[in-house]
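So the structure is just underneath, and the comments pick up after that.
What you see below is based on every heavy atom in this structure, not just the backbone, and it leaves out hydrogens, waters and symmetry mates. Per chain, numbering begins at 1; letters A, B, ... match sequence-line order.
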There are 2 protein chains.
Amino acid sequence: MNKPFQSSDGDDLLRDAGLRVTRQRQAIAQVLIEAEDHPNAEQVLARAREHDESVSQATAYRTLSVLSEKGLLHTHTFDKNVMRFELADRPHHDHLIDVETGEIREFVSAEIERLQRKIAKAYGYEIVAHRLELFCRKAAPDETEERQDTADLSES
Amino acid sequence: MNKPFQSSDGDDLLRDAGLRVTRQRQAIAQVLIEAEDHPNAEQVLARAREHDESVSQATAYRTLSVLSEKGLLHTHTFDKNVMRFELADRPHHDHLIDVETGEIREFVSAEIERLQRKIAKAYGYEIVAHRLELFCRKAAPDETEERQDTADLSES
DNA sequence: ATAGTTGCAAAACCTTTGCAAACGG
DNA sequence: CCGTTTGCAAAGGTTTTGCAACTAT
């Protein structure tokens, strides 16, 4: 019984990256798999230490760095100076950031994805990766009620 | 004869931000107006010093910071850790980054903009700012020739 | 056995800040 | 004039690195 795509298993994730499986890296991989948010390095380290106290900052940064380079982890910089991480094995999605609360919602728009590819192609490029972030604020009650808009959202 | 929108004049830019007009800030504003790329703080400082040697790092960062806060400057973080700047008075556009060369092209898609607003609205939000970056690689010659794709590009 | 990995502490890197002197309006 | 702005140098926050000991394979 092998995992189809998502390396929901930490050891697999590490091996996929060509890394040796160590206690410390297992702890980090586990954190990434369990994460439902977009933790930064400091948070990954703190959570990993709950699994294995011995994880050092250096190892956390080194592991996150390799996993990112190998494409197994996606990175974001929602706020100024810190890099945030997210497993790459999840279906692609973009982010909507509530600028008041910092809350991050994920969304997918097949339509936007399509347009992006179209644009890149028009310039003679193919997309390697992309990043779409909407910094938003809760809207005023809204007078024009366009409820059917939701239709575009989840076509992935 | 007043400028309609773009403060193509450095002093105006500074006054729009509620700042006093100093030699150093004039140099920085000039750099931003002349910039055809997306310089980071270090580059802005270096270029500003060509206009006025006395500009210090502190002033560069402080000025860029205020201009950004006042919304006169847009910021990006294409690469990991450095913030890049760009005058906000230009028509909105997104970025296509050539991952091989680092070259940055700008594009506009009214269609994507529209979809973004639609998505935000569906979640009950309104967009304050957004960021769309396509990390691309020059495409292989391409077998299916879709030249008319260019149509979507410049509807702004 | 041995190449890869570790923690530690120091360094590197980008950005911010305290302060007294200098300056703009 | 008086509040703002300056340069300097030091501090801040995040990420990287050199090294000797340790460990997965």
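Side-chain atoms of A58(A) lie closest to dT17(D) of the nucleotides dT17(D), dT15(D), dT6(C). Among dT6(D), dG3(D), dT17(C), the nucleotide with an atom closest to any side-chain atom of R20(B) is dG3(D).
Of the side-chain N and O atoms in Y61(A), none sit less than 4.0 angstrom from OP1 or OP2 of dT16(D). OP1 and OP2 of dT5(D) both lie 4.0 Å or more from every side-chain N or O belonging to T59(B). Within the structure, every side-chain polar atom (N or O) of Q57(B) is placed at least 4.0 Å from both OP1 and OP2 of dG7(D).
The distance between atom CD1 of I28(A) and atom P of dT5(C), rounded to the nearest whole Å, is 12 Å. Rounded to whole Å, the distance from CG on L45(A) to C1' on dC8(C) is 13 Å. Atom CG of N40(B) and atom P of dC14(C) are 8 Å apart (whole Å). As a whole-Å value, the separation of L19(A) CG from dT5(C) C1' is 10 Å. In this structure, CG of L73(A) is placed 13 Å from P of dT15(D), rounded to the nearest angstrom. Residue Q26(B) contributes atom CD, which lies 11 Å from atom P of dT6(D) at whole-angstrom precision. Between the CZ atom of R23(A) and the P atom of dA24(D) there is a distance of 7 Å, given to the nearest Å. When rounded to the nearest whole Å, the span between CD of E53(B) and P of dC8(D) equals 11 Å.
Taking the ring centroids of H74(B) and H92(B), they lie at or beyond the 6.0 Å cut-off.
With no hydrogens or angles considered, no side-chain donor-acceptor pair links E133(A) and H95(A) at under 3.5 Å.
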Q | CA sep, side-chain torsions, deciding dist, call: D16(B), K70(B), side chain to side chain contact (heavy atoms under 4.5 Å, CB included) | A | CA-CA 9 Å; D16(B) 285 356; K70(B) 300 289 182 178; over 6 Å; no
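Counting any heavy atom pair closer than 4.0 Å across all strands shown, R25(A) reaches sugar-phosphate atoms only and no base atom.
Along DNA chain C, the nucleotide nearest E42(B) and the nucleotide nearest G18(A) are compared for position; the residue whose nucleotide lies closer to the 5' end is G18(A). Between R62(A) and A41(A), the residue anchored closer to the 5' end of DNA chain D is A41(A), taking for each the nucleotide with the nearest heavy atom. When the nearest nucleotides of DNA chain D are assigned to S65(A) and Q24(B) by heavy-atom distance, the more 5′-ward of the two goes with Q24(B).
A donor-acceptor pair is defined here as one N or O able to donate and one able to accept, closer than 3.5 Å; such a pair exists between the side chain of T63(A) and the backbone of T59(A). Using a distance-only test at 3.5 Å, with no hydrogens or angles considered, no donor-acceptor pair links the side chain of R137(B) to the main chain of V99(B).
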